[in-house]
Amino acid sequence: MLCLILKDSYSMDATIRLEDLGYYDELEKFRVENNLNSFEVGRVIAEHKERFIVKTTKGEFEAEITGNMRFTAKGREDFPAAGDWVALTTYESDFAVIHKILPRFSIIKRQAVGQFGEIQIIATNIDYAFIVQAIDRDFNLNRLERYLTICNSSKVSPIIVLSKIDLTDEQRISELLERIKVRIKNVPVIAISNESQDGYDKIKSTIEKGKTYCMLGSSGVGKSTLVNNLSGNDIMRTDTISELTNKGRHVTSHRELIILENGGILVDNPGMREVGIADSSSGLEITFDLIFSLSQNCKFVDCTHTSEIGCSVIEAVEKGEIDKAFYENFLKMEREKAHFEATVAEKRKRDKEFGKIMKNYKKDINKNKF
Ligand SMILES: Nc1nc2c(ncn2[C@@H]2O[C@H](COP(=O)(O)OP(=O)(O)OP(=O)(O)O)[C@@H](O)[C@H]2O)c(=O)[nH]1
Ligand SMILES: [Mg+2]
Ligand SMILES: [Zn+2]
């Protein structure tokens, strides 16, 4: 298993408390009510192919899940993920067995790349997500709205970070900030440079003790550099290091969690190339609330806002009241969501039918026994 040894700002101080990792009252209540007293509690700080690193008050443990957990799992969500609180048994050899995942208050997920209809968990129990986009070729409002939607469907508050501002001038920065403002309302935007550390004060002042933040964004936008600089330790490997070793780009390959000196908790993530929508909840409604509130006035209740007469959304686009690209991105993501939901429903139906066949088959076998 590939794994980094994680140091945190508490470094050699072994007296870490669960609260420092973000533990809160309801979890403790759940633990007591569910008779989990014989287990320890820890937080998953990294995962790689069903192996996990769990941090507890005693240190870090490499962990596996119980066979029972594996066999009863119905899908990806039944496996631990970075950010999860788990009940576990630890062994002296730094090894542990995870018995149960404690309730999650948020799950950031997307469509698994190359496996349509499947989901991938990015992180759990996240309070805020820093959506990092660089001012260079990476800048893309459609993609920004995708990230917002995955945050909005999972009760995670987004904060947009515009990075690498040292590579351009004031005028271009204001222009980009203005373009974000036209399409995205009510989401804080912080412009930063990891080189000059401009904007760092603002980032630092938004980070609260005991809250968990995750880094989302494409590869190479500066997520790990930001995490490293904020933590004061060189924990996450970034590109500059790999240039020194001349072995190609060192990208983040798995999810990691660290604690800052001010008590904030950060989860770094590998860059994502695709941000497929994988949720049927209200994510799109929040991201595109302007469109959803206009649609109340559409002539038809089932208006698709594509060609109908009396569509308030189309009217608003024609009058220039809503941005055309914003509207087009909405339609695209709506279609994608519908397609994803249909695929999931189809898959469920197939699984159910297969289950029935197996049941009948077992019955037949049993009948023939007598
Ligand atoms: N000029 C400039 N370069 C930056 C800035 N932030 C990061 N970089 C450089 O961009 C490259 C990628 O940075 P990383 O922090 O590894 O990017 P990442 O987002 O973690 O990438 P993945 O781990 O692949 O997702 C490195 O060479 C950094 O030195 C910045 O604000 N300005
Ligand atoms: Mg990285
Ligand atoms: Zn309409």
Side-chain angles (χ1 to χ4, degrees), residues 2 4 6 46 82 113 122-123 129-139 143 147 161-169 172-173 176 190-200 202-203 213-231 233-258 266-275 285 288 290-319 321-322 327-328 330-331 334:
L2 259 175
L4 291 185
L6 299 176
V113 178
I122 295 164
F130 286 122
I131 303 174
V132 188
Q133 225 173 57
I135 50 91
D136 54 15
R137 275 178 308 150
D138 181 61
F139 186 80
R143 192 150 19 85
Y147 280 114
V161 176
L162 195 60
S163 68
K164 303 200 183 182
I165 57 167
D166 55 282
L167 297 179
T168 191
D169 53 33
R172 170 96 177 129
I173 300 164
L176 294 179
I190 306 175
I192 65 144
S193 163
N194 287 318
E195 288 286 321
S196 66
Q197 306 218 341
D198 273 348
Y200 265 44
K202 220 165 160 189
I203 289 250
Y213 299 76
C214 83
M215 298 284 162
L216 301 177
S218 311
S219 188
V221 294
K223 299 181 296 297
S224 300
T225 312
L226 178 61
V227 171
N228 282 347
N229 291 351
L230 289 173
S231 76
N233 281 335
D234 203 17
I235 320 160
M236 310 292 168
R237 290 187 292 190
T238 62
D239 211 4
T240 325
I241 298 166
S242 64
E243 273 168 21
L244 289 175
T245 56
N246 206 17
K247 280 185 188 152
R249 246 170 73 71
H250 252 154
V251 292
T252 307
S253 60
H254 47 274
R255 310 172 209 298
E256 294 141 24
L257 179 149
I258 63 138
L266 295 184
V267 181
D268 192 16
N269 271 297
M272 288 185 242
R273 222 183 292 158
E274 293 173 35
V275 198
E285 280 181 42
F288 297 97
L290 202 62
I291 289 179
F292 277 88
S293 49
L294 275 169
S295 71
Q296 307 289 320
N297 304 322
C298 291
K299 189 169 169 193
F300 305 107
V301 243
D302 58 350
C303 187
T304 61
H305 324 302
T306 49
S307 58
E308 291 88 344
I309 295 164
C311 171
S312 306
V313 178
I314 298 176
E315 270 168 32
V317 176
E318 279 166 0
K319 281 192 214 148
E321 286 165 7
I322 45 176
Y327 162 73
E328 279 165 358
F330 160 75
L331 289 183
E334 270 276 314

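Positions are given from 1, in the same order as the sequence printed here. Note: hydrogens, waters and symmetry copies are ignored here, and every other heavy atom, side chains too, is used. Each ligand, and each atom within it, is numbered from 1 in the order the structure gives.
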For Val221, is at least one N or O under 3.5 Å away from an N or O on ligand 1? yes

Looking at ligand 1, does any of its N/O atoms fall within less than 3.5 Å of an N/O of Gly222? yes

With nothing but distance in play, are any N or O atoms of Asp268 less than 3.5 Å from an N or O of ligand 1? no

Interatomic distance, NZ@Lys164 vs CD1@Ile192, rounded to 0.5 Å, equals 10.5 Å

Identify, by atom number and element, the atoms of ligand 1 in contact range of Leu167, meaning under 4.0 Å from any of its heavy atoms. 1 (N)

Ser218 and its side chain to side chain donor-acceptor pair (under 3.5 Å) partner, picked from Gln133, Arg273, Arg143: Arg143

Atoms of ligand 1, numbered as shown, that sit under 4.0 Å from any heavy atom of Pro270: 25 (O)

Could a heavy atom of Gly220 be found less than 4.0 Å from some atom of ligand 1? yes

Could you pull out the N/O/S protein atoms under 2.8 Å of the Zn ion (ligand 3), ignoring any water? Cys298 SG, Cys303 SG, His305 ND1, Cys311 SG

For the residue pair Asp166 and Ser193, confirm or rule out a side-chain donor-acceptor distance under 3.5 Å. yes

Heavy-atom nearest option to atom 20 (O) of ligand 1, drawn from Ser224, Gly271, Gly199: Ser224

Just checking: Met215, one of its N/O/S atoms, less than 2.8 Å away from the Mg ion (ligand 2), yes or no? no

Non-neighbouring partners of Glu315 that pass side-chain contact (heavy atoms from CB on, under 4.5 Å), sequence neighbours left out: none

Check: of Ile135, Val161, Thr225, min heavy-atom distance to atom 13 (O) of ligand 1 comes from Thr225

Are Val227 and Met215 packed together at the side-chain level, in the sense that at least one heavy-atom pair is separated by less than 4.5 angstrom? yes

Should the ring pair Phe292 and Phe330 be called parallel, tilted or perpendicular, given that the plane angle runs from 0 to 90° and is split at 30 and 60? perpendicular

Check whether any heavy atom of Gly217 sits under 4.0 Å from an atom of ligand 1. no

Which of the ligand 1 atoms, numbered from 1, are nearer than 4.0 Å to a heavy atom of Ser193: 31 (O)

